[in-house]
Amino acid sequence: MNHSADPNAAGIRHLDALHARHDADIGVILVQIDQLARINHSAGTETGDALLEEVGRRLSTFARNEFGPGSSVDRLEGPRFLIAPAAPQSLAALQAQERALHVALAEPMVGDPNGRLAIRIATALITRDEPVGDQLRTATDQLARPASARDGAMVKAALSRGEVAIFYQPQYDVATGAMVGVEALLRWRHPELGLLGAGPLVTAARAARMERELTEHAHRVALAEVAAWPRALAKLRVSLNITAADLGDPDFADRLAAMVKAAKVDPDRLTLELTEQAMLSDPASAAQQLAQIRALGCAIAIDDFGTGYSSLSLLARLPIDYLKIDSGFTRTIDGSDRDRIVVRAIVDLARALGLLVVAEGIEQESQLARLKDLGVATWQGFLKSGPVPGEELPGLME
């Protein structure tokens, strides 16, 4: 790590050198350590200085490992650091590293043994058109913005630019092998990183408290596509995922009903999936919303059943049609007596309650054979197909 009498001088020199070497704009990461004043006050400035030294070492290791030799970490004014990769990186590539960087700084440090240190991270593009020092000062202002505001801006941009895509995971009848339904899964067509899973966008939406907006957008996209499907797909059931935030919204069921009606999709074809945790977060609201959804004609499925803190009394009271067994059980069902017993118990419980069982994560014929013996009705997994765009589904029906 580098130091200088001018807090920003070393960083400016490095960025000037990178501009000269690559003749390109340079993406950088800025890191700010919050609550340093608390540590200085409670443990002394020597401890605070030692903590900053440790942060610098970890950042240097991170930069070297992720961006290669020649990457630099410079201390800026105050408890701030600048990471400049050795070669030009896009902002999207740097933003994809933010969570890994949080992990690198998460382990307790000297002076902060309880791991209470708050870290702020921002990315910036330092161009060749303006003085580097001015751009660095502007970039560090981003660190004053709450992370939720940055997450919110990212989600809003993805929604407004039409980057949310829906892929469909086929579901098959265990007895006949026929495709009987699909699960609609969110994907992010990132403008620079390409197709991403749902994780980054869902995590950002949760942090920005925009889960409901993201769910509604994903449902709108899926329903529009389903409405335009060819006759060959007309009988497939379509599962849409919902969250605790959706169930906590008293207007969710009414909005869903309006969307389904506007899309001219038969609600009898739809299944709404939620996790046990979502079901248990606000049971009264969940029961009311699920009853409305059921009255609309949609079915209800509990996803990842067996992995949370199941309430069997709630399971009996709530209007549920399907239980989906978590893939963690099904992947080892043909080798683990314990998992086989759990799956058998879930199937027996479902049968007693008049529910159907869907198994996730099937990758081998032996697993499918075991599920058939246990009485599972429907399955999904890479044994036949992973999630695919809607236009590929007719080919999988053949």
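Since the model is a prediction, treat every value here as computed from it, not as a measurement.
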Do you know which two heavy atoms are closest between [X] and [Y], and how far apart they sit?
X	Y	result
Ile12	Gly133	CD1-CA, 3.7 Å
Leu233	Arg269	O-NH2, 3.1 Å
Leu185	Pro387	CD1-CG, 3.7 Å
His22	Ala86	NE2-O, 3.2 Å
Val31	Ile121	CG2-CG1, 4.4 Å
Leu223	Val265	O-CG2, 3.7 Å

Consider only side-chain N and O atoms of [X] and [Y], and report whether a donor and an acceptor are under 3.5 Å apart.
X	Y	result
Thr127	Gln135	yes
Gln367	Thr330	no
Glu183	Gln380	yes

request  = Kindly indicate whether the side chain of Arg237, heavy atoms from C-beta on, has any atom under 4.5 Å from the side chain of Val180.
outcome  =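 Result no, sub-4.5 Å side-chain heavy-atom pair not found.
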Heavy-atom check, side chain of Leu186 versus side chain of Phe167, under 4.5 Å =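 No; the side chains remain at least 4.5 Å from each other.
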If you round to the nearest 0.5 Å, how far is [atom2] of [Y] from [atom1] of [X]?
X	Y	atom1	atom2	value
Met259	Leu270	CE	CG	10.0 Å
Asp303	Asp326	CG	CG	8.0 Å
Gln364	Leu383	CD	CG	8.5 Å
Asp25	Gln89	CG	CD	14.0 Å
Arg340	Asp373	CZ	CG	10.0 Å
Phe67	Ser72	CZ	OG	11.0 Å

key: Lys324, Gln171, Gln169 screened by side chain to side chain contact (heavy atoms under 4.5 Å, CB included) with Glu360, the one that passes   =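 Only one option passes, and that is Lys324.
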inquiry  = Considering only residues two or more places apart or on different chains, which pairs with a residue in residues 210-224 satisfy salt bridge (Lys or Arg N to Asp or Glu O under 4.0 Å)?
reply    =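 Applying salt bridge (Lys or Arg N to Asp or Glu O under 4.0 Å) to every pair that reaches into residues 210-224, excluding sequence neighbours, yields Arg206-Glu211, Arg212-Asp249, Glu216-Arg220, Glu216-Arg255.
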ask   = Quick one: salt bridge (Lys or Arg N to Asp or Glu O under 4.0 Å) pairs with a partner in residues 161-170, sequence neighbours left out?
value =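 Every pair satisfying salt bridge (Lys or Arg N to Asp or Glu O under 4.0 Å) with a residue in residues 161-170: Arg161-Glu163.
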ask   = For Arg187 and Leu196, what are the C-alpha separation, side-chain angles and deciding distance, and is it a side-chain contact (heavy atoms from CB on, under 4.5 Å)?
value = CA-CA 6 Å; Arg187 294 292 184 264; Leu196 302 177; over 6 Å; no
Per-pair distances, 0.1 Å, donor-acceptor, side chain in residues 292-301, under 3.5 Å, sequence neighbours excluded:
residue: Gln292; atom: NE2; partner: Asp254; partner atom: OD1; Å: 3.2
residue: Arg294; atom: NE; partner: Asp321; partner atom: OD1; Å: 3.3
residue: Arg294; atom: NE; partner: Asp321; partner atom: OD2; Å: 3.0
residue: Arg294; atom: NH2; partner: Asp321; partner atom: OD1; Å: 2.9

ask   = Are Asp23 and Arg128 ion-paired here, with the side-chain N under 4.0 Å from a carboxylate O?
value =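 A salt bridge is present here (some side-chain N lies under 4.0 Å from a carboxylate O).
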ask   = Residues sharing Val358's hydrophobic cluster, by side-chain heavy-atom contacts under 4.5 Å among ILVMFWY, directly or via others?
value =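 Grouped by the 4.5 Å side-chain rule, Tyr322, Leu356 form the rest of the cluster around Val358.
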query = In chain order, what residues pass the side-chain hydrogen bond (donor to acceptor under 3.5 Å, both in side chains) check against Arg137, with sequence neighbours excluded?
reply =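 Asp134.
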task = List in chain and number order the residues that pass side-chain hydrogen bond (donor to acceptor under 3.5 Å, both in side chains) with Asp348, two or more places apart in sequence or in another chain; answer none if no residue qualifies.
result =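 side-chain hydrogen bond (donor to acceptor under 3.5 Å, both in side chains) list for Asp348, sorted by chain: Arg351.
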